[in-house]
Asks: 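Please see the structure below; I have some questions.
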Amino acid sequence: MKTQNKFFGLFVLALLVLTNIMATAQENVYLTAKEVPNAVYWLPAPPAPGSSQFMYDISQYYWGKEQRLDTLRAQKAIREAAYEIDDMVPQFCRAFGMDISESKTPAIYKLVKRSVETIRLSATEPKATYMRTRPYAYFNEPTLVPEEEEELRHNGSYPSGHAIRGWGMALILCEINPDAQDPLFKLGYEWGQSRVIAGYHWQSDVDASRMLAAACYARLHTCKEFLDDMAKAKKEFKKLTK
């Protein structure tokens, strides 16, 4: 009897922990992976090897390698290999026109973090479905970020999670501060191109990522919780820029 009670207690504890983890995960996003637009349904598959589209991807791969000869652009591509929100946000502050942090701008930071984490979910289905080989693995050549090569070698190339995050962040921040639209979109665009330059993604991966980010961004505007947080972020921005 004691043994049964012990196992029951452990089961209840495990259930509570799992429930807490799921609740925390839901708090980090506005929509689930099942609720964001399913790119496998509406977006074409990546270019097949031998196709004219794939030849363009190859030409862009060599274009990217040429850009590495520009030391400043290569360093920029390395910086933009950042994937975590806390590493990305500081790089967008100058274009946005204001420092963004959890302590200084809590409403803006919360919105950006939850929005971008939601938008990135749009890559889940197509990555798992197509498992496209990354260009550096296809050519068996080094990248600008060698420490990530082994980890990402067997992670689908189509679409680019980094490009989705970069373009998504530009979209979110532009809605808060429309006056900064040009520098924000310039940075968001370059963020995606940095993945081509670094050798981690084909151009078509990046192009698809911008469409995915835009589609998911539109879908976010049907979520009341997102709209409420966006209103708070705009209010905070207006207050700090008076």
Asks: Could you go through the side chain to side chain contact (heavy atoms under 4.5 Å, CB included) check for Arg153 and Glu148 one step at a time?
Replies: CA-CA 8 Å; Arg153 188 174 297 275; Glu148 295 182 359; over 6 Å; no

Asks: Between the side chain of Glu175 and the main-chain N/O of Leu171, is any donor-acceptor distance below 3.5 Å?
Replies: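 No, the answer is negative, given that no donor and acceptor are paired below the 3.5 Å cut-off.
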
Asks: Give a yes or no on whether Val206 and Met169 share a hydrophobic cluster (residues Ile, Leu, Val, Met, Phe, Trp, Tyr; joining criterion: side-chain heavy atoms under 4.5 Å apart).
Replies: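 In one cluster with Val206: Met169, no.
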
Asks: Under a 4.0 Å threshold between the charged nitrogen and the carboxylate oxygen, would Arg73 count as salt-bridged to Glu190?
Replies: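 Here Glu190 does not pair with Arg73 in a salt bridge, since their nearest N and O are not under 4.0 Å apart.
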
Asks: Can you see which heavy atom on Gln91 is nearest to which on Ala82, and at what distance?
Replies: NE2-CB, 3.8 Å

Asks: Taking side chain as C-beta onward, heavy atoms only, is Lys235 less than 4.5 Å from Lys239?
Replies: no

Asks: Taking atom types as modelled and ignoring hydrogens, do the side chains of Asp86 and Tyr109 form a donor-acceptor contact shorter than 3.5 angstrom?
Replies: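 Side-chain D/A pair, Asp86 to Tyr109: present.
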
Asks: State whether the number of non-hydrogen atoms from other residues, nucleotides or ligands found under 6.0 Å of Arg94 atom CZ is greater than 12.
Replies: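 Atom CZ in Arg94 is not packed in, count stays at 12 or less.
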
Asks: CZ of Phe92 to CG of Leu184: how many Å apart, nearest 0.5 Å?
Replies: 7.5 Å

Asks: Which heavy-atom pair separates Ser194 from Ala77 by the least distance, and what is that distance?
Replies: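 For Ser194 and Ala77, the tightest heavy-atom pair comes out as OG-CA, 3.5 Å.
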
Asks: For Leu121 and Leu31, what are the C-alpha separation, side-chain angles and deciding distance, and is it a side chain to side chain contact (heavy atoms under 4.5 Å, CB included)?
Replies: CA-CA 9 Å; Leu121 293 176; Leu31 304 167; 5.9 Å; no

Asks: Ile85 and Trp191: same hydrophobic cluster, using ILVMFWY side-chain contacts below 4.5 Å?
Replies: yes

Asks: If you round to the nearest 0.5 Å, how far is SG of Cys174 from OH of Tyr217?
Replies: 7.0 Å

Asks: So that I know where these two stand, are Phe54 and Tyr61 an aromatic pair - ring centroids less than 6.0 Å apart?
Replies: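 When the ring centroids of Phe54 and Tyr61 are compared, they turn out to be at least 6.0 Å apart.
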
Asks: Do the two ring centres, one from Phe185 and one from Trp167, sit under 6.0 Å apart?
Replies: yes

Asks: Would you mind checking if Lys34 and Glu125 are paired as a salt bridge, meaning a charged N to carboxylate O distance below 4.0 Å?
Replies: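 So Glu125 pairs with Lys34 through a salt bridge.
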
Asks: Is Arg68 reaching over with its side chain to a backbone N or O of Ile197, donor-acceptor style, under 3.5 angstrom?
Replies: yes

Asks: Less than 3.5 Å apart, any donor N or O on the side chain of Arg219 or Thr118 sitting next to an acceptor on the other?
Replies: no

Asks: Kindly compute the distance separating CG (Asp182) from CG (Leu187), expressed to the nearest 0.5 Å.
Replies: 12.5 Å

Asks: Would the number of heavy atoms belonging to other residues, nucleotides or ligands and lying under 6.0 Å from CD of Glu147 be above 12?
Replies: yes

Asks: Looking at Val112, is its backbone amide N or carbonyl O close enough to the side chain of Ser115 to form a donor-acceptor pair, meaning the two atoms are under 3.5 Å apart?
Replies: no

Asks: Rounded to the nearest 0.5 Å, how far apart are OH of Tyr83 and CZ of Arg165?
Replies: 4.0 Å

Asks: Show the nearest heavy-atom pair for residues Trp42 and Pro37, with the distance to one decimal.
Replies: NE1-CB, 3.7 Å

Asks: For the pair Lys224 and Asp228, evaluate salt bridge (Lys or Arg N to Asp or Glu O under 4.0 Å) and give the outcome as yes or no after the intermediate values.
Replies: CA-CA 6 Å; Lys224 184 180 184 303; Asp228 290 343; 2.8 Å; yes

Asks: I'd like to know if the side chain of Lys127 reaches the main chain of Gly156, judged simply by a donor and an acceptor atom lying under 3.5 Å from each other, with no hydrogens or angles considered.
Replies: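 Side chain of Lys127 to backbone of Gly156, a donor-acceptor pair under 3.5 Å: yes, one is there.
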
Asks: Parallel, tilted or perpendicular: which fits the ring planes of Trp202 and Phe139, with parallel below 30° and perpendicular above 60°?
Replies: tilted

Asks: Whether Asp57 and Arg132 form a salt bridge (side-chain N of Lys/Arg under 4.0 Å from carboxylate O of Asp/Glu) is what I want to check.
Replies: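 Answer for the salt bridge query: yes.
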
Asks: For a 4.5 angstrom cut-off between non-hydrogen side-chain atoms, does Thr105 reach Asp99?
Replies: no

Asks: Please determine whether a side-chain nitrogen of the Lys or Arg among Glu225 and Arg114 lies less than 4.0 Å from a carboxylate oxygen of the Asp or Glu.
Replies: yes

Asks: Looking just at side-chain N and O atoms, do Thr143 and Tyr200 make a donor-acceptor pair shorter than 3.5 Å?
Replies: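 Tyr200 and Thr143 do have a side-chain donor-acceptor pair below 3.5 Å.
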
Asks: Verify, without hydrogens or angle tests, whether Thr129 (side chain) and Pro126 (backbone) share a donor-acceptor contact under 3.5 angstrom.
Replies: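 Flag not set: sc Thr129 to bb Pro126 has no pair under 3.5 Å.
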
Asks: Minimum heavy-atom separation for Ser209 and Ala163, please, with both atom names.
Replies: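 The pair with the smallest heavy-atom distance is CB-CB, 3.7 Å.
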
Asks: Whether Glu236 and Lys232 form a salt bridge (side-chain N of Lys/Arg under 4.0 Å from carboxylate O of Asp/Glu) is what I want to check.
Replies: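 No, Lys232 and Glu236 are not salt-bridged.
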
Asks: Do Gln193 and Glu80 make a side-chain contact, defined as non-hydrogen atoms from C-beta onward lying under 4.5 Å apart?
Replies: no

Asks: Does Glu102 pair with Lys113 as a salt bridge, N-O distance under 4.0 Å?
Replies: no

Asks: Between OG of Ser157 and CZ of Arg195, what distance do you get to the nearest 0.5 Å?
Replies: 9.0 Å

Asks: Has His201 got a side-chain atom pairing as donor or acceptor with Val196's backbone, closer than 3.5 angstrom?
Replies: no

Asks: Examine distances only and state if a side-chain atom of Asp229 and a backbone atom of Leu111 form a donor-acceptor pair shorter than 3.5 Å.
Replies: no

Asks: Go through the steps to decide whether Tyr189 and Arg210 satisfy the test side chain to side chain contact (heavy atoms under 4.5 Å, CB included), and finish with yes or no.
Replies: CA-CA 9 Å; Tyr189 178 83; Arg210 295 181 183 125; 3.4 Å; yes

Asks: Is there a path from Leu72 to Leu144 through hydrophobic residues (I, L, V, M, F, W, Y) whose side chains come within less than 4.5 Å of each other?
Replies: no

Asks: Less than 3.5 Å apart, any donor N or O on the side chain of Tyr30 or Glu35 sitting next to an acceptor on the other?
Replies: no

Asks: When hydrophobic residues are tied together by side-chain contacts of less than 4.5 Å, even through go-betweens, does Met55 share a cluster with Trp63?
Replies: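 No; Trp63 is not reachable from Met55 via cluster members.
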
Asks: Less than 3.5 Å apart, any donor N or O on the side chain of Asp207 or Gln203 sitting next to an acceptor on the other?
Replies: yes

Asks: Return yes if some donor-acceptor pair links the side-chain N/O of Ser101 with the main-chain N/O of Lys104 below 3.5 Å, else return no.
Replies: yes

Asks: Are there more than 12 heavy atoms of other residues, nucleotides or ligands under 6.0 Å from atom CE of Met98?
Replies: yes

Asks: With rounding to the nearest 0.5 Å, note down the distance linking OH in Tyr130 to CG in Asp205.
Replies: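 Here the interatomic distance stands at 12.0 Å.
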
Asks: Would Tyr41 end up clustered with Ile164 when hydrophobic side chains under 4.5 Å apart are linked, directly or stepwise?
Replies: yes

Asks: Please assess Arg134 against Tyr138 for the test side chain to side chain contact (heavy atoms under 4.5 Å, CB included), listing each intermediate value before the final yes or no.
Replies: CA-CA 6 Å; Arg134 291 175 182 269; Tyr138 181 88; over 6 Å; no

